[in-house]
Amino acid sequence: MPKTALVVSAHSADFVWRCGGAIALHAERGWQVTVVCLSYGERGESAKLWRVPGMTLDRVKASRHAEAKKAAEVLGVHEIQFWDLGDYPITLTNDSLFRLVDVYRDIHPHFVLTHSREDIYNRDHPAVTDFAQHARITAQAHGHNPGQKVLGAPPVFLFEPHQPEQCNWKPDVLLDIGNVWAKKRAAIECMEGQEHLWEYYTRVAQQRGAQAARNSDKIIKWGEGFQSVFPHVVETLA
């Protein structure tokens, strides 16, 4: 059976900017990566679209859906789900929580990627992190839907917020994405509604690559940073 991973993305572009390299890297190695986009970011993250005369909410959602789907195909995403829960603020109910629990138990991810614990610029992001981890805990509970296979303990990694210094986010995992950078950049360019972020996240990838090279004996140009939530369980320290 292929290994699996789960990405819980608040808005339809977040998974591209923040962990597109990780997705593409694992997809190339045969992993099945599921991306759950809880919202399209239609109100708060689609300013370019709203400047078009006569724009409507449904048209914005359709555009963001198409962009994210195209980006997911570029990255090799196994399955992308669009839950359309709204944004600014995102609406996270118990029904949605149990729906995510079912996703955890359906795919049994070997790791999970989601947002930082804090983000003073976007309250949807930490709300989604809490939501994703609450669902993980529930999926581990033997008394929740006893007929289902209980989730194990997949590690959770928090991807980089837009302003890490203001969000108390510090990476302790640096991933070399050099072999898949071209795919990530192509996926970034699918997000036409937020073109102003293309070069910003290119610079972020260069910065994390430089830091990864500095902390290894490898030549690394492009990278992604993550903050781990739980202790790493290893068999050796080398």
Side-chain angles (χ1 to χ4, degrees), residues 6-20 23 34-52 54-69 71-72 77 79-104 109 112-139 144 156-170 188 190-197 200-201 204 226-227 229:
L6 174 64
V7 180
V8 183
S9 181
H11 311 104
S12 61
D14 288 326
F15 75 93
V16 179
W17 316 126
R18 309 178 197 287
C19 63
I23 293 170
T34 297
V35 176
V36 174
C37 291
L38 297 175
S39 164
Y40 290 114
E42 64 271 14
R43 287 195 286 261
E45 302 197 350
S46 304
K48 179 180 176 181
L49 293 171
W50 282 114
R51 294 188 187 103
V52 177
M55 183 55 66
T56 66
L57 188 64
D58 286 343
R59 286 175 58 197
V60 171
K61 288 183 180 182
S63 179
R64 299 317 303 270
H65 182 108
E67 291 174 1
K69 187 174 180 181
V77 169
E79 180 185 10
I80 185 166
Q81 301 181 16
F82 298 95
W83 288 18
D84 194 12
L85 301 182
D87 70 315
Y88 287 58
I90 194 166
T91 302
L92 302 171
T93 65
N94 273 351
D95 286 343
S96 295
L97 177 71
F98 294 139
R99 182 180 176 185
L100 186 59
V101 172
D102 287 340
V103 172
Y104 272 103
V112 180
L113 302 178
T114 192
H115 293 269
S116 57
R117 294 186 183 95
E118 299 179 36
D119 193 332
I120 61 174
Y121 300 98
N122 192 319
R123 298 306 303 161
D124 288 355
H125 292 166
V128 166
T129 299
D130 184 66
F131 176 77
Q133 297 205 59
H134 192 178
R136 177 186 181 275
I137 292 168
T138 304
H144 177 79
V156 178
F157 300 98
L158 310 181
F159 38 61
E160 184 162 354
H162 188 68
Q163 305 256 11
E165 297 86 355
Q166 305 302 316
C167 301
N168 292 317
W169 180 92
K170 183 169 67 174
I188 284 174
C190 293
M191 311 313 294
E192 297 179 6
Q194 291 177 284
E195 187 177 352
H196 63 288
L197 292 178
Y200 176 86
Y201 280 103
V204 169
F226 300 92
Q227 185 177 49
V229 174

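Side-chain atoms are counted along with the backbone in the values below, which use heavy atoms only and exclude waters and symmetry mates.
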(request) Nearest 0.5 Å please: distance from the NE2 atom of His125 over to the CG atom of Asp14. (result) 4.0 Å

(message) I'd like to check the ring-ring contact (aromatic ring centres under 6.0 Å, His included) partners of Tyr121; sequence neighbours left out, ordered by chain and number.
(response) none

(request) Please report the closest heavy-atom contact between Tyr104 and Ala132, naming both atoms and the distance. (result) OH-O, 2.8 Å

(message) For the SG atom of Cys37 and the CH2 atom of Trp83, what is their distance to the nearest 0.5 Å?
(response) 11.0 Å

(request) Apply side chain to side chain contact (heavy atoms under 4.5 Å, CB included) to the pair Cys19 and Phe157, showing each step before the final yes or no. (result) CA-CA 10 Å; Cys19 63; Phe157 300 98; over 6 Å; no

(request) Report yes or no: do His11 and Asp124 form a side-chain donor-acceptor pair below 3.5 Å? (result) yes

(request) Dump the intermediate steps for side chain to side chain contact (heavy atoms under 4.5 Å, CB included) on Val16 and Glu67, then the final yes or no. (result) CA-CA 10 Å; Val16 179; Glu67 291 174 1; over 6 Å; no

(request) Say whether, by atom type as modelled, one donor and one acceptor occur between the side chain of Trp169 and the main chain of Leu158 under 3.5 angstrom. (result) yes

(request) Could you tell me which residues satisfy side chain to side chain donor-acceptor pair (under 3.5 Å) with Trp50, sequence neighbours excluded, listed by chain and number? (result) none

(message) Tell me if a side-chain donor or acceptor on Asp119 pairs with a main-chain N or O of Pro126 at a distance below 3.5 Å.
(response) no

(request) Find the distance between CD (Gln81) and CG (Leu38) and round it off to the nearest 0.5 Å. (result) 9.5 Å

(request) List for me each residue that meets side chain to side chain donor-acceptor pair (under 3.5 Å) alongside Glu195, sequence neighbours excluded, and say none if there are none. (result) Lys48

(message) Nearest 0.5 Å, please: how far is CG in Leu85 from CZ in Arg99?
(response) 7.0 Å

(request) Taking all heavy atoms of Arg43 and all of Asp87, pick out the closest pair and write down the distance. (result) NH2-O, 2.7 Å

(message) Using a 3.5 Å distance criterion without hydrogens, assess whether the side chain of Ser9 forms a donor-acceptor pair with backbone atoms of Ser12.
(response) no

(message) Rounded to the nearest 0.5 Å, what separates atom CG in Asn168 from atom CZ in Arg117?
(response) 10.5 Å

(request) Search all heavy atoms of Ala127 against all heavy atoms of Leu92 and return the closest pair with its distance. (result) O-CD1, 3.6 Å

(request) Would you please test Leu97 and Leu100 for side chain to side chain contact (heavy atoms under 4.5 Å, CB included) and show each step? (result) CA-CA 5 Å; Leu97 177 71; Leu100 186 59; 5.6 Å; no

(message) Has Arg59 got a side-chain atom pairing as donor or acceptor with Gly54's backbone, closer than 3.5 angstrom?
(response) yes

(message) Holding to ring-ring contact (aromatic ring centres under 6.0 Å, His included), I want the full list of residues that pass it with His144, two or more places apart in sequence or in another chain.
(response) Phe98

(request) State which residues pass side chain to side chain donor-acceptor pair (under 3.5 Å) with Gln163; sequence neighbours excluded, sorted by chain then number. (result) none

(request) Please identify each residue that fulfils ring-ring contact (aromatic ring centres under 6.0 Å, His included) with Phe159, with sequence neighbours left out. (result) His115

(message) Using a 3.5 Å distance criterion without hydrogens, assess whether the side chain of Thr138 forms a donor-acceptor pair with backbone atoms of His134.
(response) yes

(request) Go through Val60 and Tyr40 one step at a time and tell me if the side chain to side chain contact (heavy atoms under 4.5 Å, CB included) criterion holds. (result) CA-CA 8 Å; Val60 171; Tyr40 290 114; over 6 Å; no

(message) Checking the side chain of Thr91 only, and the main-chain atoms of Gly86 only, is there a donor and an acceptor separated by less than 3.5 Å?
(response) no

(request) Kindly compute the distance separating OG1 (Thr56) from CD (Glu42), expressed to the nearest 0.5 Å. (result) 11.5 Å

(message) For a quick test of reading the model, state the closest non-hydrogen atom pair linking Glu118 to Cys167 and the distance between them.
(response) O-CB, 3.2 Å

(request) Let me know which of Gln194, His162, Glu160 forms a side-chain contact (heavy atoms from CB on, under 4.5 Å) with Tyr201. (result) His162

